[in-house]
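What follows is a short report on a single structure.
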Amino acid sequence: MWRLKKVCHKAGRHAGSQEELRLRRREKERALRQARRDSQLVSKRLLLNEDEEQDSMEITPGEQDVVRLLQQLQHSGTEKEAHLGALSKALRSPSAQLAFIKLENSMHLLVSLLTGSDARRRLLAVRCLHELSHSRHASVASAFLPATPYLLTYLSGQSTKFTELCLYTLGNVCPDGEAVKERLLAQGIIPALASCMQNQRHSLAVVEAAGFALFQLLQTKDAAQKVIPMVLASDLPSLLLSVLTPDPEFGLAPAAECAWCLHSLTSSTEDHRVLLAQGALRKCSSLLVSLGGAVGDGNTEQGVELLVCPLLRCVGNLLPSCPVEALSAQLGDVHLVAPLCQLVFAFLQPLPALAREAAWVLNNLTAHCTESCAALLTFNLVPRLVELLPFSQGINTMVLRVLANVAHKKKEFCTRLAELGLLSAITATLKMANQDMVTLSLELLFMMIVSSPQIAEQFVRQGGLSVLEAIQYNSEGEVRRRAAYLLEQHILS
Amino acid sequence: PAGSDLIAILISLEPQEILYRLISLDYFIAINKVSEFACHISGCRAVFSTLDEYEHHYNSLHRHVCCSCRRSLPSARLLDIHIQEWHDSLFTILAQKQDMYLCLVEGCGQKFRTSQQRKDHLIRVHKYPPDFRFDKSRKEKGSEQKADATMEAAGDVCRSEGACRVMCSIEPEQVEEEEESMETVYSVFSHRVPKTVCFGHGSVRGFRGHRGKRK
């Protein structure tokens with residue numbers, strides 16, 4: 001029983017945590033899908049004009065205005081631009097959106113302006129389409145179908161503002177139903193996004209918009225089968241990796257969007273060969289190192305967690321897929337252990353969930369790689385990790401797992417851990433109410449005791465016997481049996 | 001204007017070409033003072049009040065222009081395809097024997113014997129509309145060439161064409177109507193290499209090299 005546990009400890013540890021997280025994620029996805037069916041959680045973006053403010057209090061016109069504006073557009077000659085501008089404002093209101101698409105030839109008119117010979121009218125027409133893309137009604141989404149081939153064609157153009165609007169519009173309509181998504185895939189949205197990102201990578205606003213559109217596409221139903229293989233086969237992975245480093249002036253939004261895309265790619269599929277071959281592990285890790293340092297020093301900009309979170313998840317998911325022999329080649333000279341600990345400590349109070357994710361990555365790293373365990377000891381990070389053991393919200397169980405990974409690797413590590421006072425910490429955790437903590441503590445204790453008889457003696461000296469005896473009153477039979485086994489076979493013998 | 005100093009304003013910076021527009025210093029000072037300024041491509045009557053507007057106008061309409069017929073296409077790729085299919089006699093010859101018409105959707109890569117077959121493919125497989133505006137067949141070229149001769153400015157010409165006619169420079173010569181002879185057959189990719197940095201004539205690329213005067 002114990003042996004089985006020990007042998008699969010390495011695989012079990014991170015698989016255990018991964019399996020848990022996978023289950024939790026699956027449950028979360030189920031809930032999200034349910035909510036999405038109620039159209040609560042589809043995210044859309046609105047790109048405001050530079051001269052508009054975020055919350056303008058002007059009265060939004062109603063449906064009658066839309067009818068009138070369309071008629072004016074159809075008949076006027078020179079004032080089309082004024083009417084188009086008014087129409088785009090009118091289309092902010094959901095009822096006007098619905099009314100507009102029901103009018104005969106309304107989309108046809110917008111599409112002809114979109115593809116006409118007047119650049120200004122093209123821009124105003126795409127703005128109207130962008131407003132329409134905010135609607136949550138299925139009928140509006142299907143009205144978009146005539147415009148999609150043109151929006152995609154224009155992604156290869158060179159006008160940055162126009163391209164941005166096309167991208168946000170496409171991103172907004174992606175989640176609106178199967179018909180639109182199938183149409184976009186058939187019309188080549190993936191190669192179009194790749195060449196757009198390639199040609200306009202100097203414009204960070206366009207890169208951010210392309211990242212958003214790709215992310216929306218990756219969230220659609222059955223993306224793992226229908227979208228992700230094509231994305232992995234394209235240039236998009238290397239393009240996404242190349243824009244990960246945030247620009248100090250522009251901000252980290254483009255890097256964050258691309259990091260979330262990479263997260264979608266790593267978490268939806270088990271096959272990470274393409275991403276590993278592109279150097280994703282090294283790139284994400286080195287970025288985490290610099291972010292960890294910055295967060296630890298306290299000089300980061302607002303929203304940095306939006307970049308840290310997907311990076312953590314990418315690294316955490318990629319680590320188990322990388323064969324141990326290749327790990328040092330993949331990571332190069334990137335030393336992740338200290339920055340990960342920095343992230344755990346930095347986010348502990350403000351964002352405990354993110355701290356737990358950083359601890360999870362540390363767990364995957366230490367499960368996989370002996371050097372990282374040695375580094376934890378060398379950099380004297382263990383005492384600080386031990387301080388985290390009282391914290392709940394999944395952080396203490398993760399930290400125990402990390403320490404168990406270290407203990408599992410070598411007997412010398414157990415001795416070092418004992419010198420650092422881990423035994424007294426375990427004595428405390430064995431008394432916790434959390435069953436996971438008790439179970440993990442018993443496993444860690446077992447490994448330490450088995451590694452050397454001095455440790456068993458030390459444990460007894462520190463009053464560990466009574467703690468183990470008290471576990472005989474634990475509600476879980478399995479826990480009682482293990483404590484009894486430990487007591488009888490290894491301490492009292 | 002003779003006698004005024006010329007300065008170059010940077011229009012765009014991209015890996016393949018760096019485009020400068022030579023304008024007179026007087027004009028530069030003038031456009032920075034007034035609230036409105038005009039597109040500097042001869043024959044284009046567009047007017048703007050901000051540099052952003054000009055950038056959008058220029059990039060949308062003057063960026064990917066066919067040197068031979070002055071058509072403006074929305075992207076470099078569609079321009080390449082247009083030049084091949086409309087102005088390359090080697091293409092015409094090869095097309096008699098093999099599938100040369102490339103699918104317009106990037107990443108598809110399929111080729112077809114006729115433009116009609118390609119159009120059917122676009123409709124059937126890629127769900128394109130039958131009246132996709134950037135896929136006009138060459139048959140319609142004849143009637144439009146006459147329009148060239150009258151030198152109409154941009155705003156008036158294009159209605160339902162889609163592939164916009166934007167005049168790039170005032171030329172004393174007209175667009176020739178004769179078929180391209182074998183001697184002027186260039187390699188298919190020669191138009192990719194700009195012969196010179198283009199000063200003041202719009203970003204035209206085309207199968208033919210020099211057109212009209214170059215300063």
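- Residues meeting the salt bridge (charged side-chain N to carboxylate O under 4.0 Å, His left out) test with A:D271, sequence neighbours left out: A:R273.
- Contact of B:L122 with chain A is not made at all, since no heavy-atom distance falls under 4.5 Å.
- Ring geometry for B:H82 against B:W86 counts as tilted: the plane angle lies between 30° and 60°, on a 0 to 90° scale.
- Taking the salt bridge (charged side-chain N to carboxylate O under 4.0 Å, His left out) definition, one finds that A:E257 meets it with A:R45, sequence neighbours left out.
- Proximity to chain A is limited to the side chain of B:V105, based on heavy atoms less than 4.5 angstrom apart.
- At a 4.5 Å heavy-atom cutoff, the contact between B:E106 and chain A is made by backbone and side-chain atoms alike.
- Between A:Y150 and B:F132, the two ring planes are parallel [angle under 30°; tilted spans 30° to 60°].
- Checking A:T163 against A:Q200 by side-chain atom types alone, a donor-acceptor pair falls below 3.5 Å.
- Within residues 180-198 of chain A, the residues having any heavy atom closer than 4.5 Å to a heavy atom of chain B are A:R183, A:A186, A:Q187, A:G188, A:P191, A:S195, listed by residue number.
- The aromatic rings of A:F162 and B:H56 sit tilted relative to each other, their planes meeting at an angle between 30° and 60°.
- A salt bridge (Lys or Arg N to Asp or Glu O under 4.0 Å) check over residues 120-129 of chain B, counting only residues at least two apart or in different chains, returns nothing.
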